[in-house]
Each structure stands twice: as C-alpha cells, then as structure tokens.
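For reference, the structure discussed in these notes is given below.
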Amino acid sequence: METDVPAQTVKPEQQSVPEPPAQQEQQAVETPQPPQQAQTPEPEQSAQAQQSQQPEQTLAAPVRNAPINADSIDWDKIQKQWGITREDLEKSGALDQMVYNHKSPQLFTVTPQFGDEKFSIQAKLSFRTNPDGSYSLVPHFVRNEPQLDKEYKGYTFTGEDKAELRKIGNLGRAVELADPKTGEIKRCLVSIDRLTNEIESMPIDNIYIRRKVANIELDMQAVGILKNGGTIRAQSVELPNGAKFVADLQYNVSKRDVVFVNSDLYRQLQGQQNSRPQQDQWHNADGTVKRLAHWCKIELSEQQQNDYLAGKKVLVGEAKDKFGNDCTVYFQYDPEKRAPVTTRIYPDRNNVVGIAEESRTQMAVNNDGATNEATKNVKEPLQRGQTAPKDENQQRQQKPKGPRP
C-alpha cells in the first residue's frame, strides 16, 4: 500500500530533538470509527509568553521505559488492518520515535475498512501495549478542530485556556486531570497536536526534560519550571544547522519534548526596532534636535543653546581653526543636512593660512562681506570653489532685471 507522507517545512516553533520519553498516554482508540472530515491545521501563531512558574513540589524522576522491540510487532496484522508496512515507517524515520511511545511526527494515510468499503484517512500513528504484551497500531485521526468546549478528563477549559492552546499549542501550566480508567487525579500538562488537533495530556511525574536543548544548558530550576508548564523566556537559540533566532521554551506534550515558541513575536519586535529611524549624535530618540553644551571646545550659555534649538545662527566666540588662524566661530542647525554647520570669520583675511585658493572667493563673500561681480545677486551662500551661478535658479537671480514695458 502506498504511504502518503506529506513533506513539511520545519519552523523554529516546531523543532525539537527526540529523546526517549516517558510512557505515552494514548488518546486514540484502536477500534476504527467512521472518519471525520480532515482539515489542514492552522499554523502556529505568535503570542505573548506565559508567566514562568516555579515548581511547586520536589521533582521526581520520571519512569523511563525501554524501547519497543520492533521485531515483536505483528506487521502482517497491521498491514491488513491499516495498510501500513514496517518499511513505510522505517523509511520515513517515524519508527525510531514510535518505539519510544511517541506518535509519528508526520501524517500517514491509513486505509481502514468499514463494512465492505475501505477509506483513506490521514492520521498520526503510535503503538499501544495490550494486556497480553502484544502491540497494536493506533491511528490519531485529523480532527476539524480541537474539542476545547467539551470537558476533558474532568477539567473544563477556561476562555484563557482556550486562547493559549490555540495560539501556542500548550496550556502553559499544570492542571488536575482525572485518569479515565482509575479516576485518580493527577497534575498534568496539556497540549494540542497541531497536525491532528487532538488534545493530549501527561502527568508531570512522567515528564522527562533534557538538560540541554539546542545550545541552551538548563539548570534544575529551569527544568522544574518547564515540568510545571512554565516558560523560559527570550532564549538565544542556535541550531546545529547554524540557524539562529530568539524564542521562548515550553514543554509540549504532543512532541514529548521542549519546543521553541513565540519566535515570530521576537522577529516582529526586532523588525519594528530595525524600522525605527536610527538615532544620531545630533538628535534625541524622538527625532528632535539635541541640546548642545559645547561647540568648538567653547562652552555655550543657556541662551546660546536655546538659540541653536530655535534654528538661529549662534555666535559661539573667538577661537583658532585647525591651522592656528584666529577666527570668530558661528554655528547653526541645518535641517537639510540634519546637523550643525560652522562658519568662521577671519579678522586678518590676507594672512590666513591653510585655505585653498578655490575657497578664497567663497570665504571673502560669505565671511568678509565682499562682492563677487559674477554672483553679486545670488541670495544663497557660495559653495566651496564657486565663482559663478551654479544652476538655473541662481542664473535667474544674477541676471539683471530690465525696465518693465
């Protein structure tokens, strides 16, 4: 029978490294039931992280079971009943996880028979140990949506519970659930399988937390928080393939492992920060012009500072330029350059050293009040090396106006 194994792109929220888990609490029933209409599960959405919870009791080591011996499974019976072969599970890599009481990480197409008719149904798969020691294949069929409005093992989900399970897939805290067989009340974690929409739970005493997740080392306090359904926030994750991102850590019952959640939220926050205008040395964080206390190593009075903020040309005082020439310094904020600009007036113009010859006309006109015949009607300050109108606008300004007719 051909196996339908849909290819899936693994997102940070879905990534986890399998580890031999505690004994799985099965939710599906082996006896086939008429299939429900399959529906593609909604992708995980970002949400604000749950409040981290401290462990409320001494941590007990979970019971660790040996893997199932695949050779002891009746594969002929499974193929006849469900159309699944051992080769199907081995080639997909699912068998390696299923022997440790995991569900298969992907969906398979099973072909149960109801009466005289066979159906093709999408389902995750797992093994169940029978009272006689044999093993049966259990399909976990895809549901239209998680049954959050119904009582689950004696517990009624609150509106907040439903929202958290839909957003992240984990309840984010331990709740007391009743064992369907014995009625015993146990503190459990609850998650939703994103592919099947099945609600799953596990007693916290059976949960195993690895001490290292990707590049992150977990101390006993962090392990206790995760076992009780809490969140380890804002962890810098680096995967073996080199991928790096920020995410929260939570335990997911469906995956039987610690998973990364809310990475989309951190990417959105990072994108918002990157989209903000970069703050520079001349502006405050809100984009306004920054008050300056000094200019050209000269302390500014409060009045000078206020004039600068008002956009006025401010007399700073007497100073020397980098060539040692005496000069009077002015400065003013330039909105186009988004920075202050400096003007220097030299008292002894002929003895100034270090000024390029092409700048002398500019300085004579701008600083000394001299007149250059070629630009005498130009209203803007001359630029470095300018001795004639630079554009059509300045040419119109320079062109003498004749008498009106």
Side-chain angles (χ1 to χ4, degrees), residues 7-19 40-55 105-106 146 148 157-174 189-195 197 199-200 204 207-280 284-287:
Q8 301 178 26
T9 301
V10 180
K11 299 189 295 185
E13 290 84 356
Q14 300 172 325
Q15 295 179 9
S16 59
V17 182
E19 182 80 11
T40 302
E42 297 180 356
E44 295 197 40
Q45 302 178 28
S46 299
Q48 294 183 348
Q50 287 287 80
Q51 179 69 31
S52 298
Q53 301 179 8
Q54 297 293 335
Q106 66 274 73
L148 298 178
F157 294 112
T158 66
E160 184 179 351
D161 292 338
K162 297 174 186 178
E164 198 67 20
L165 285 167
R166 289 190 175 105
K167 289 177 182 177
I168 299 181
N170 306 314
L171 186 57
R173 61 189 179 91
L189 298 189
V190 180
S191 299
I192 291 178
D193 188 311
R194 287 297 191 184
L195 289 182
N197 284 321
I199 303 173
E200 298 190 51
I204 61 174
I207 292 174
Y208 173 75
I209 305 290
R210 295 178 292 121
R211 296 297 298 274
K212 185 174 183 180
V213 179
N215 61 307
I216 303 169
E217 300 282 352
L218 300 176
D219 58 21
M220 289 307 298
Q221 182 182 14
V223 170
I225 291 172
L226 292 170
K227 281 196 68 171
N228 282 269
T231 304
I232 307 297
R233 300 179 184 278
Q235 298 296 300
S236 297
V237 182
E238 182 174 355
L239 300 180
N241 63 7
K244 297 180 180 180
F245 54 92
V246 178
D248 297 333
L249 305 185
Q250 270 190 345
Y251 185 82
N252 182 276
V253 177
S254 176
K255 295 181 182 297
R256 300 296 192 264
D257 206 350
V258 176
V259 295
F260 309 123
V261 298
N262 294 325
S263 62
D264 287 344
L265 175 63
Y266 289 107
R267 280 195 292 269
Q268 290 173 6
L269 293 175
Q270 183 63 43
Q272 292 172 3
Q273 293 175 359
N274 293 340
S275 64
R276 294 174 184 169
Q278 294 294 319
Q279 182 178 351
D280 56 51
N284 299 310
D286 60 0

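Please read these numbers as outputs of a predicted model, since none were measured by experiment. No hydrogens, no waters, no symmetry mates; every other heavy atom, side chains included, goes into these values.
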Between the side chain of Q235 and the main-chain N/O of R233, is any donor-acceptor distance below 3.5 Å? yes
Taking C-beta and beyond as the side chain, do R173 and D161 meet within less than 4.5 Å on heavy atoms? yes
Given 3.5 Å as the limit, does a donor-acceptor pair link the side chain of D193 with the main chain of L195, or not? yes
Please check: side-chain N/O of N215 versus main-chain N/O of S236, any donor-acceptor pairing under 3.5 Å? yes
Sub-4.5 Å side-chain heavy-atom contact between I199 and L165: no
Taking NZ in K244 as the centre, count heavy atoms belonging to other residues, nucleotides or ligands within less than 6.0 Å. Is the count above 12? no
Tell me whether N252 contacts the main-chain N or O of V258 through its side chain, where contact means a donor paired with an acceptor under 3.5 Å. no
Do you know which two heavy atoms are closest between L218 and A222, and how far apart they sit? CD2-CB, 4.1 Å
F260 side chain reached by L249 side chain, heavy atoms, under 4.5 Å: yes
Would you say the side chain of R256 lies within less than 4.5 Å of the side chain of Y251, judging by non-hydrogen atoms? yes
Any sub-3.5 Å donor-acceptor pair from N228's side-chain atoms to G230's backbone N or O? no
Of the non-hydrogen atoms in S191 and S254, which two are nearest, and what is the gap between them? CB-N, 4.0 Å
Which distance, rounded to the nearest 0.5 Å, do you find between the NZ of K167 and the CD1 of I192? 13.0 Å
